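These notes are about the structure you will find just below.
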There are 2 protein chains.
Amino acid sequence: MARTGIPDIVIGRLPLYLRSLIRLQQGGAIFTSSYELGQMLGISSAQIRKDLSLFGEFGKQGTGYNISSLTAELRRILHTDHEWPVALIGVGDLGRALAHYGGFVNRSFRITHLFDNDPAKIGQHIDGLEVLSVDLIEKTIKTANIKVAMLATPIDEAQAVADTLVRAGVEAILNYAPTVLLVPENVHVQDIDPVIHLQRMVYYLEPPA
Amino acid sequence: MARTGIPDIVIGRLPLYLRSLIRLQQGGAIFTSSYELGQMLGISSAQIRKDLSLFGEFGKQGTGYNISSLTAELRRILHTDHEWPVALIGVGDLGRALAHYGGFVNRSFRITHLFDNDPAKIGQHIDGLEVLSVDLIEKTIKTANIKVAMLATPIDEAQAVADTLVRAGVEAILNYAPTVLLVPENVHVQDIDPVIHLQRMVYYLEPPA
DNA sequence: TTCAGTGTGTGCTTTATATCACAATCCGTA
DNA sequence: TACGGATTGTGATATAAAGCACACACTGAA
């Protein structure tokens, strides 16, 4: 299958398809259609068909898509057909919330390592995981062969931690610090900054008197 | 100024420009250029100039942009030149983390109301704010004229809460529940689902043995 | 003044993304 | 078996977004 030549914007939609399919499956449905999926997601049916067609022919004319087999295909395509261990750096309020969050496991990710630089936090246990010193990031992550990390440190430490993660072999960073991380080309970063989203929305609102 | 006819994708970049400008300003810089901003953000200078040109002429040839005046312009454009009160629904781990987060206030948002449906949480105080019953959402938000909300409830309650928020007059919802919210056309939603981001990134990674 | 260096704003071109619309195919029914 | 209704996969078209490249303008130095 082509790992390259697929637009990134298409890759970004696949997880949404997957999420909706699982929703449908939980509702007991066996088949769905590009039209139904599109309705759920606010996306045109043609777009969904075209996206999927980049990877193969998964549907049947007149019938639509078998939900469980399309789910399996998408998982295979996205590499979420097995569980990825994830390192979480920074166990402040946000880091703790992420550590407690139950939504990772059944969606192919599991936080397996916690790190912080605060001596008061190091050695604590959160949901059975010990908080380790950031000094151990490189060695630990290399040994465990971890490729995915979530970065939830204060902004001023984010770049230094990212550099360490990269040295340790991490190739995907989910960045909660409100700053741009500089990383090598082969490392992927996705940013989550709630304020960016809020600012983007209030553009469309009437400013209150 | 045209509130319409500006591509949404451009609006999405403006908060990034703003964030970088503030960063530069904190570093003591007075002027910057589209090239420098582009370097910080991984965006071409032409793109930045073109985006800004949709709203006016803010730069000076040969000199670039005065950071503080461009910052002010962007704030005005984005309607973040004043503080928006925000309601937060759901004070589980994530909701608490958001309530504690110090990054909203100096970026034009302030959480002013907390809601939950758990009797054990209602009445508690978090950073001086009392947790109110979700039954009070409609009345309270209407009275306070709140237009922006963050939704951090479990997935199964998200749509019902969103409906309530819409009835209360909310027009911008930052949705942390991993589901698509159905809302009227005039209501804006932005989704934050960390798993979506993770799944999107691991597509590009070698699946571990 | 003049000139070299710098950086904007923008028309034009290229590239990327989304939509349209329909032949081909499948299912269920009679 | 034949037919009506449904839905895919996709070539062709349309729309949207990004990049190019340059005239013009400003600065500072001589």
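Model, not experiment: these values are computed from the prediction.
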Inset, instruction - Determine whether A:Val105 and A:Glu83 make a side-chain contact, defined as any pair of heavy atoms from C-beta on separated by less than 4.5 Å. - result: yes
Legend entry - Non-hydrogen side-chain atoms of B:Met201 and B:Tyr203 separated by less than 4.5 Å: no
Rounded distance in Å - [atom1] ([X]) to [atom2] ([N]):
| X | N | atom1 | atom2 | result |
| --- | --- | --- | --- | --- |
| A:Gln47 | D:dA14 | CD | C1' | 14 Å |
| A:Ile48 | C:dT17 | CD1 | P | 17 Å |
| B:Leu54 | D:dA16 | CG | C1' | 13 Å |
| B:Phe55 | C:dG9 | CZ | C1' | 15 Å |
| B:Asp51 | C:dT10 | CG | P | 13 Å |
| B:Ile6 | D:dA16 | CD1 | P | 14 Å |

Can you tell me if [X] uses its side chain to pair, donor with acceptor, with the backbone of [Y] under 3.5 Å?
| X | Y | result |
| --- | --- | --- |
| B:Asp116 | B:Val91 | yes |
| B:Gln159 | B:Leu182 | yes |
| B:Asn117 | B:Val134 | no |
| A:His79 | B:Leu205 | yes |
| A:Thr164 | A:Ala160 | yes |

Inset, instruction - Return the residues of residues 9-18 of chain A meeting this criterion: a heavy atom under 4.0 Å from some atom of DNA chain C. Order them by number, or give none. - result: A:Ile9, A:Arg13
Which value, rounded to the nearest 0.5 Å, describes the distance between [X] atom [atom1] and [Y] atom [atom2]?
| X | Y | atom1 | atom2 | answer |
| --- | --- | --- | --- | --- |
| A:His113 | A:Thr140 | NE2 | OG1 | 6.0 Å |
| A:Leu78 | A:Phe55 | CG | CZ | 7.5 Å |
| A:Leu14 | A:Ile9 | CG | CD1 | 11.5 Å |
| A:Thr153 | A:Ile89 | OG1 | CD1 | 8.5 Å |

Below 3.5 Å between N/O atoms, which protein atoms pair up with nucleotides 12-14 of chain C? Just atom names and distances, please.
from	atom 1	to	atom 2	distance (Å)
C:dC12	N4	B:Lys50	NZ	3.0

Legend entry - Per-nucleotide protein contact string for nucleotides 22-30 of chain C, where B marks a base within reach and S marks sugar-phosphate only (heavy atoms under 4.0 Å, - for neither): --BBBS---
Inset, instruction - Output yes when B:Arg19 and A:Asp191 qualify as a salt bridge under the 4.0 Å nitrogen-oxygen rule, no when they do not. - result: no
Legend entry - Pair A:Arg75-A:Ser108, side-chain donor/acceptor within less than 3.5 Å: no
Legend entry - Between A:Arg49 and A:Ser45, a side-chain donor and acceptor under 3.5 Å: yes
Legend entry - Exercise: identify the closest heavy-atom pair between B:Val180 and A:Met40: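 Closest heavy-atom pair between B:Val180 and A:Met40: CG1-O, 3.4 Å.
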Inset, instruction - Go through D:dG9, C:dT10, D:dA18 for me and flag the one nearest to the B:Glu57 side chain. - result: C:dT10
Inset, instruction - For B:Asn145, check side-chain contact (heavy atoms from CB on, under 4.5 Å) against everything at least two apart and list the hits. - result: B:Lys147
Inset, instruction - Would you please confirm or rule out a distance under 4.0 Å between OP1 or OP2 of C:dT6 and any side-chain N or O of B:Tyr65? - result: no
Legend entry - Nucleic acid contacts of residues 30-46 of chain A, taken as heavy-atom distances under 4.0 Å to DNA chain D: A:Ser33, A:Ser34
Inset, instruction - Have a look at the helix from C:dT1-D:dA30 to C:dA30-D:dT1 and give the angle its two end axes make, five pairs each, rounded to 10 degrees. - result: 10°
